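A quick write-up on the structure given underneath.
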Number of protein chains: 2
Amino acid sequence: MTNIKDLAKMAGVSVTTVSRVLNNHPYVREDKRNAVLEAINRSNYQPNINAVHLSTGKSFLVGVVVPYIDHPYFALLIKGMASEALENNYKLVLFQTNYLETREIEALQMLKQKQIDALIICSRKCSWSTIEAYLLYGPIILCEDTRGKRVSSTFVDHYKSFMIALEHLYQKGHRKIGYCIGRKSGTNSRQRELAFKDFVENYHLPYEPAYIFEHCTHFEDGEQVIERIQQMSNPPSALLVTSDEVAAGIVTCAQNRNISIPGDLALLGFNNQPIAKMMNITTIEIPLVDIGRKLFLQGINISKEAAYQEIPVTLIERETV
Amino acid sequence: MTNIKDLAKMAGVSVTTVSRVLNNHPYVREDKRNAVLEAINRSNYQPNINAVHLSTGKSFLVGVVVPYIDHPYFALLIKGMASEALENNYKLVLFQTNYLETREIEALQMLKQKQIDALIICSRKCSWSTIEAYLLYGPIILCEDTRGKRVSSTFVDHYKSFMIALEHLYQKGHRKIGYCIGRKSGTNSRQRELAFKDFVENYHLPYEPAYIFEHCTHFEDGEQVIERIQQMSNPPSALLVTSDEVAAGIVTCAQNRNISIPGDLALLGFNNQPIAKMMNITTIEIPLVDIGRKLFLQGINISKEAAYQEIPVTLIERETV
DNA sequence: TTGTAAGCGTTATCAT
DNA sequence: ATGATAACGCTTACAA
C-alpha cells in the first residue's frame, strides 16, 4: 500500500507538499503539483482514512439509532438522512437497538470514542440523564420534543397532531374512539396518551383503556387488532392508528372478515406512506424523509446552541373515516 | 480528553502497561493493573478508536450495500447482518445506492481506504470487473451466485427456485403464467428470466413478454400490475411475484376490483414475509435473516479461499394458487 | 514483569 | 512556495 511518504519520494517533494495537493491547498507550484498528481496516478494511491481521522479528529461518520430498520417509519427517516449524508460527504453508521438500552449505550460510546462525529437518536429507551452524560463528547440529536433541554431536535408535536386527528373523528360523529400504538412508553407515546386523555375529558367521554392497542408496528399486527375488537361487547367505532402500515393491515383484515370500513370501523392513519394512498386511507401526513434530512443537518452543524425544529403535520382526508 | 499517556502518569506506570491492561494482556502485576484500572475510573477515560484503528489496521466496521433500505427484502437481510454484527462486536455502515453505480463505488473506495474491514453487496449495479479491481483491498461478499469467481457469497439459486414455483403453477393447471420483478437487469433477475424461458420452451408454451412486469418492488406497485392485466385481452392466469410485499399489494387491489384470487388470477409470492402469512399467500420461503447472518460471517472470516453457500428454499402452500 | 521507542499515515506548525 | 518535524493516540517489537 503506497502512502504519502512514497508519493513524496516518487514526486521528489516533501510530504507536506503532497498533503497540500491532496487537500487542494494553495501555495504549490504548478510543476510540483503535476509531479505529485502523476505519482498519485502511477501508484494507485488511496489515503488511509483512519490516519486522516486521527490527525483531524473527524470521521465523517454519523451514527443513527433506530429500534428497527425494517419498519417504514424509521426506514423513511433513514432515507432522508442518507440522502443528506450523501450530499455532505458523510456516511451513516446504523444502530438497530430493538429498544435494548445496552445497544443505545454502545452508540453513545462510539460518540465518546470519536468513531462517529454525531449521533442521531430516532427513538430511545434510555433515560434522559444517560444521554446528558454523553453530551460532552459530541452532538446528539433527538427526534422528539426537547425544548428546554440542551440538545437539538427535529420533531412533530404529537400532542397537537393527535388532537387534530381526534377532533376530526369527533366532528365525524365518533364518540367511541381508540388508538393503536407501537409501545406505550417513550416520549412521543406519552404525548399522545396525554392528548387522548385530555380529549376524552374535554368532551366528557369515558376513558376506556381497552381501546388502546399496543404493539402495533407492522402490517400484520392489524390482525390482532381486529380480533380483539371482534371480541368486544362494546367496540370502538373509530381508531387512530399511528402507522399507515398497521392501518393498511387492519383494512385488509377487516375486508376478509366483512367488516365495513368506515361503516363499522373508521380508521385514521399516520405518516401518509405510499400504502395509505393506494388503499385510500385517511391519514395525518408527517414528512418523515424531510425530518430525516433536518435531523442529519442538525447533527453536522457545529453551532453550540441547541435548536428545536417543530414540523407541522396536515390531515389528508380519504375514505376510511 | 484524557489519553493513554495521562493514564500512565496517573498510575505511575508506562503507556505499554496501560495498553496491556486495556487489552487484557498477561504479564502485568496485580497492583499495577489495579493502579491503572483506578486511573481509568477516576479519569472517565475512553480510548480514541481512530488511533486504535490506525495502529491495528482494523476498524470493526463492515459496509453493506443495498439499493433501498426501505424495502422488506433488504431490511430483513440487514436485520440478519446487524444481529451477527452485534455478536461479533462489529458495526454496520450502510450504503443506500438506489442502484447508482457511483454510490457503489464510494463503498468500494471506503474499503480501499480501510475505513471498513469488509464490504457486503446485497445487490449491485456495477460490473463484475469493477468489483474485481477492489478485491485486493479486502473481502467483498456478494448475495448472488459467484461460483467460479474469486469472491465469497451466500445466495439462493434463483433459477432453481423459479423453476420450482413455475412447476407448481403448471401442476395446478396454469398455462398462461407471468411474473413480477423489481428490475430486469441484475444477476438474479437474469437467472429467473432464464428459468422462465426454459420453462416455457420445455412445455411448449408461448413466450409472452407482456406477462413480465418490471418495477415491482413495493406494496403499492401491485396496483399497476392489476391495471395492466385488466387492459389485456388475453391476461395471464397466474403470476410469480418476486416479493410477498408486492403480492400482498396485488391481492389487496384485486379485492377492491372484485378480481378473485386465485380464481381469476393465481399468485405465488417469494420470501415468506409475515405479510404473506397474514394474507394467506402461497410463497417460496427464502430465509433472508439467516442469509444476512451468513453474509456477515463471510465478511469477517479471513479465510483466503472463496466460499459459496447455496441456501435452499421451500414452497409454502397457502390459498393464492 | 516492565518500559523505551519505533511505528501506523496523516495534518499542522513553524521556520526558511 | 516549501520542507522539517511535531503531533494525533494507540500498539508492539525489543530490550532490560
Side-chain angles (χ1 to χ4, degrees), chain A residues 1-37 39-40 43-61 89 109-117 137-138, chain B residues 1-37 39-40 43-61 89 109-117 137-138:
Chain A
M1 280 272 68
T2 127
N3 64 18
I4 206 174
K5 232 172 176 169
D6 301 331
L7 287 183
K9 209 169 296 170
M10 292 170 68
V13 300
S14 72
V15 292
T16 312
T17 302
V18 175
S19 176
R20 285 208 179 94
V21 349
L22 249 22
N23 297 285
N24 288 313
H25 282 272
Y27 301 132
V28 35
R29 227 170 46 209
E30 216 39 38
D31 57 334
K32 299 219 176 196
R33 177 186 302 281
N34 290 138
V36 173
L37 256 23
I40 291 176
S43 63
N44 185 338
Y45 165 80
Q46 194 67 27
N48 177 321
I49 221 118
N50 286 319
V52 178
H53 294 168
L54 175 59
S55 200
T56 58
K58 287 201 64 178
S59 68
F60 283 93
L61 249 30
N89 260 304
Q109 288 284 349
M110 277 184 65
L111 185 65
K112 192 172 177 185
Q113 293 176 141
K114 306 214 157 306
Q115 188 162 22
I116 53 181
D117 291 343
Y137 307 107
Chain B
M1 279 274 69
T2 127
N3 62 18
I4 204 175
K5 231 171 174 170
D6 301 331
L7 287 183
K9 209 169 296 171
M10 292 170 70
V13 299
S14 73
V15 291
T16 313
T17 302
V18 175
S19 175
R20 286 208 178 94
V21 349
L22 249 22
N23 297 286
N24 288 312
H25 281 274
Y27 300 132
V28 32
R29 226 169 48 208
E30 216 37 39
D31 57 334
K32 298 218 176 196
R33 178 185 302 279
N34 290 139
V36 173
L37 256 23
I40 292 176
S43 64
N44 185 337
Y45 166 80
Q46 194 67 27
N48 178 322
I49 220 119
N50 285 319
V52 178
H53 294 167
L54 175 58
S55 201
T56 58
K58 287 203 64 178
S59 68
F60 284 93
L61 249 31
N89 260 305
Q109 288 285 350
M110 277 185 63
L111 186 65
K112 192 172 177 185
Q113 293 176 142
K114 307 214 158 303
Q115 189 162 20
I116 53 181
D117 291 343
Y137 308 107

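Reminder, nothing fancy here: chain letters follow the sequence lines and each chain counts from 1. Treat the numbers as computed from the prediction; the structure is a model and nothing was measured. No hydrogens, no waters, no symmetry mates; every other heavy atom, side chains included, goes into these values.
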Between [X] and [N], is there a contact of a side-chain N or O with OP1 or OP2 at under 4.0 Å?
X         : N       : answer
Thr17(A)  : dG3(D)  : yes
Lys114(A) : dC8(D)  : no
Ser19(A)  : dT11(C) : yes
Arg29(B)  : dT2(C)  : yes
Lys32(A)  : dG3(D)  : yes

Protein-nucleotide distance ([X], atom [atom1]; [N], atom [atom2]), rounded to Å:
X         : N       : atom1 : atom2 : result
His53(A)  : dA12(C) : NE2   : P     : 13 Å
Ile40(B)  : dC10(D) : CD1   : P     : 10 Å
Asn24(B)  : dT12(D) : CG    : C1'   : 17 Å
Arg20(A)  : dT13(C) : CZ    : P     : 12 Å
Lys58(B)  : dT12(D) : NZ    : P     : 12 Å
Gln115(A) : dG9(D)  : CD    : P     : 16 Å
Leu22(B)  : dT2(C)  : CG    : P     : 15 Å
His25(B)  : dC10(D) : NE2   : P     : 14 Å

>> Is there a side-chain contact between Gln115(A) and Val52(B) in this structure, where contact means two heavy atoms from C-beta onward sitting under 4.5 Å apart?
In response: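 A side-chain contact is absent here, since even the closest heavy-atom pair is not under 4.5 Å.
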
>> Just so I know, are the side chains of Val18(A) and Tyr45(A) near enough to count as touching, which here means a heavy-atom distance under 4.5 Å?
In response: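 Not touching, per the 4.5 Å side-chain cut-off.
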
>> Under the criterion side-chain contact (heavy atoms from CB on, under 4.5 Å), I'd like the reasoning laid out for Lys112(A) against Asn44(B): C-alpha separation, chi angles, the key distance, then a yes or no.
In response: CA-CA 10 Å; Lys112(A) 192 172 177 185; Asn44(B) 185 337; 2.5 Å; yes

Side-chain donor/acceptor pairs under 3.5 Å, residues 6-14 of chain A, sequence neighbours excluded:
unit_1: Asp6(A); atom_1: OD2; unit_2: Asn3(A); atom_2: N; d: 3.0
unit_1: Ser14(A); atom_1: OG; unit_2: Thr16(A); atom_2: N; d: 3.3
unit_1: Ser14(A); atom_1: OG; unit_2: Thr17(A); atom_2: N; d: 3.2
unit_1: Ser14(A); atom_1: OG; unit_2: Thr17(A); atom_2: OG1; d: 3.3

>> A quick test of your reading: do over 12 heavy atoms of other residues, nucleotides or ligands sit less than 6.0 Å from NZ of Lys5(B)?
In response: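 No, not enclosed.
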
> Partners of Gln46(A) by side-chain hydrogen bond (donor to acceptor under 3.5 Å, both in side chains), sequence neighbours excluded?
Replying inline: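 side-chain hydrogen bond (donor to acceptor under 3.5 Å, both in side chains) check on Gln46(A) returns Gln109(B), Gln113(B).
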
> Which nucleotide sits closest to the side chain of Thr16(B): dT4(C), dT2(C), dT2(D)?
Replying inline: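 From the listed options, dT4(C) comes nearest.
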
Could you run down the sub-3.5 Å N/O contacts of the protein with nucleotides 6-9 of chain C?
unit_1: dG7(C); atom_1: N2; unit_2: Ser55(B); atom_2: OG; d: 3.1

>> Nearest 0.5 Å, please: how far is NE2 in His25(A) from CZ in Arg33(A)?
In response: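 Arg33(A) atom CZ to His25(A) atom NE2 measures 10.5 Å (nearest 0.5 Å).
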
